[in-house]
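Notes follow once the structure below has been shown.
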Amino acid sequence: MKFDILTIFPDIFDSYFNETILKRAQSKKLVSIHIHDIRKATADKHHKVDDRPYGGGPGMVLKINPIYKTLKKIRQKKISKIILLDPAGKQFDHDRAKKYALLDQMTFICGRYEGIDARVEKIIDEKVSIGPYVLSGGELPAMVIIEAVSRLIPGVLGHKDSALDDSFSRGKDYVEFPQYTRPEKFNKWAVPKVLLSGDHKKIAKWREEQVKKAKSRRGKNV
Ligand code: SAM
């Protein structure tokens with residue numbers, strides 16, 4: 001999978017994408033991530049990417065020209081999905097991550113300030129939100145989506161079954177059972193005995209019960 005990201009803050013991504021599973025996914029050539037600095041596509045010597053909104057109002061708006069130009073440059077290669085990160089877009093969730101994981105390439109446009117000149121809608125496929133709240137830019141949402149999608153690409157996770165048990169992998173209501181590790185007792189808190197029993201049938205039953213309990217708690221939003 002190839003990910004292209006259009007941003008005015010290209011350095012934000014360095015540390016995160018060069019650590020953990022995304023670093024491994026890139027070195028195994030399962031994922032490639034390309035950051036495009038929108039500023040480089042500006043014509044003026046100050047590399048101005050924003051301007052005041054027509055009609056007035058507070059803040060600045062990202063201009064369409066440098067975004068269009070950057071997109072055109074990478075469009076020479078294969079593009080299968082162009083996503084505008086937008087708090088009012090379609091809600092990103094596990095089902096959407098599964099669909100994206102089947103694609104060959106995705107492009108993310110990160111907004112900043114008051115957003116992007118609305119004519120950007122003419123050149124995108126989808127507007128996607130990572131939740132009903134407002135962040136200062138699309139960079140964190142792009143990282144969130146790229147990580148969630150990459151985890152579902154075969155070979156990216158260390159253990160092939162890891163993603164199969166994860167929360168939401170078996171439907172919107174499915175939540176993974178609780179996990180414990182050493183020590184057996186910490187302060188007054190002991191690991192449930194059944195997990196130490198070595199009885200795999202009993203363990204599977206206990207885990208099923210925990211999943212059911214977690215589901216009903218989620219239903220009550222607690
Ligand atoms: N004025 C815009 C509004 O009211 O919808 C908010 C702009 S926000 C400060 C700047 C940029 O951050 C947006 O253009 C978008 O790219 C990104 N962003 C903020 N919150 C987001 C979210 N929940 N999901 C996806 N992108 C988000």
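These values consider heavy atoms only, across backbone and side chains, with no hydrogens, waters or symmetry-generated copies. For ligands, and for the atoms within them, numbers begin at 1 and follow the listed sequence.
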Which pairs would a plain distance check flag for residues 177-187, meaning a side-chain donor or acceptor within less than 3.5 Å of a matching protein atom at least two apart in sequence or in another chain?
from : atom 1 : to   : atom 2 : distance (Å)
Q179 : NE2    : E176 : OE2    : 3.3

Show me, by chain and number, every protein residue that has a heavy-atom distance under 4.0 Å to ligand 1. L85, D86, P87, G111, R112, Y113, E114, G115, V128, S129, I130, G131, Y133, V134, L135, S136, G137, G138, P141
Might you point out which heavy atoms bring V31 and S150 nearest each other, and give the distance in Å? CG2-OG, 3.9 Å
Only distances under 3.5 Å count here; give the side-chain donor-acceptor pairs of residues 131-145 to other protein atoms, sequence neighbours excluded, each with its distance to 0.1 Å.
from : atom 1 : to   : atom 2 : distance (Å)
Y133 : OH     : I130 : O      : 3.2
E139 : OE1    : R112 : NE     : 3.0
E139 : OE1    : R112 : NH2    : 2.9
E139 : OE2    : T7   : OG1    : 2.6

Side-chain donor-acceptor pairs under 3.5 Å in residues 52-69, sequence neighbours left out?
none

Should the pair E209-K213 be classified as a salt bridge under the 4.0 Å nitrogen-to-oxygen rule? no
Using every non-hydrogen atom in the two residues, find where E121 and K127 come nearest and quote the distance to one decimal. OE2-NZ, 2.8 Å
